[in-house]
Amino acid sequence: MCTSFMEQLMLGQHQLGTSTIVSRGSLTSPTTDTLKAALFLASATINASTTAYSSTNEVTGTNYSAGGVTVTNATAPTSTNSSATAGVAFFTPSASITYTNVTLSTAFDSVLLYNSTQSNKAIAVYTFGSQTVTAGTFSLTMPSNTITTALLRLSTT
């Protein structure tokens, strides 16, 4: 999780999921934020200190658009509080992140999840083994939306 994202959560700068914050933006027509996922080259330096999306060192290739793909953001964040788990808030996008029929011939190994509605602010960076794709579909399968496996988890412990 990007360090800047944690601070921005406390400032109320992100609206994940299906519910809307009435006090932000428009009092009569609040909207949820659009999340995107961009792939980055294996040589890129993106990590928890990344503060915003930039196209520097992003992959390029056939059927891949700069900025990546829109993330299906239909699951509301959830929280729980029990003696066994302490306080945990968690969120997972509601569908896999998929790049369809792409050719990405330069090795890539990370994805930046970011909020395109809020000035492209970085949410989290996820790394995986180095990949290339030739005229294929690349999917990042989302984990279950639970306190132990969700993509984003905040804990009081």
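Only this structure's heavy atoms are used, side chains among them; waters, hydrogens and symmetry mates stay out.
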Acceptor/donor pairs from residues 60-71 side chains to any protein atom, 3.5 angstrom cut, sequence neighbours excluded:
residue: Asn63; atom: ND2; partner: Asn101; partner atom: O; Å: 2.6
residue: Tyr64; atom: OH; partner: Leu39; partner atom: N; Å: 2.9
residue: Tyr64; atom: OH; partner: Glu58; partner atom: OE2; Å: 2.7

Listed pairs under 3.5 Å, donor-acceptor, residues 40-47 side chains, sequence neighbours left out:
residue: Asn47; atom: OD1; partner: Ser49; partner atom: N; Å: 2.9
residue: Asn47; atom: OD1; partner: Ser49; partner atom: OG; Å: 2.5

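- Here the shortest heavy-atom pairing between Ala37 and Ile97 reads CB-CG2, 3.7 Å.
- For the pair Met1/Leu154, a side-chain contact is recorded, criterion being any heavy-atom separation below 4.5 Å from C-beta on.
- Criterion: ILVMFWY side-chain heavy atoms under 4.5 Å apart, direct or through other members. Under it, Ile123 and Val125 are not part of a common hydrophobic cluster.
- Residues satisfying the side chain to side chain contact (heavy atoms under 4.5 Å, CB included) criterion with Ser116, sequence neighbours excluded, are Thr34, Lys36, Tyr114, Asn120.
- Both Phe128 and Met142 are members of a single hydrophobic cluster when ILVMFWY side chains are connected at heavy-atom separations under 4.5 Å.
- Between Pro93 and Thr72, every side-chain heavy-atom pair lies at or beyond the 4.5 Å cut-off.
- For the side chain to side chain contact (heavy atoms under 4.5 Å, CB included) test, residues two or more places apart in sequence or in another chain that qualify with Ala124 are Tyr126, Leu152.
- Looking only at distances, no side-chain donor or acceptor of Arg153 sits under 3.5 Å from a matching main-chain atom of Ala89.
- In terms of the side-chain hydrogen bond (donor to acceptor under 3.5 Å, both in side chains) criterion, residue partners of Thr92 (sequence neighbours excluded) are, by chain and number, Asn145.
- Among pairs with a residue in residues 127-144, those fulfilling side chain to side chain donor-acceptor pair (under 3.5 Å) read Thr98-Ser139, at least two apart in sequence or across chains.
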| request: Tell me, with the steps shown, if Val133 and Phe108 meet side-chain contact (heavy atoms from CB on, under 4.5 Å). | output: CA-CA 10 Å; Val133 179; Phe108 61 95; 4.0 Å; yes
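- Of the listed residues (Leu151, Leu113, Val111), just one forms a side chain to side chain contact (heavy atoms under 4.5 Å, CB included) with Leu140, and that residue is Val111.
- One finds the OG1 atom of Thr149 at 8.5 Å from the CZ atom of Phe90 (value rounded to the nearest 0.5 Å).
- Here the closest heavy-atom approach between residue Phe5 and residue Ala122 is recorded as CB-O, 3.5 Å.
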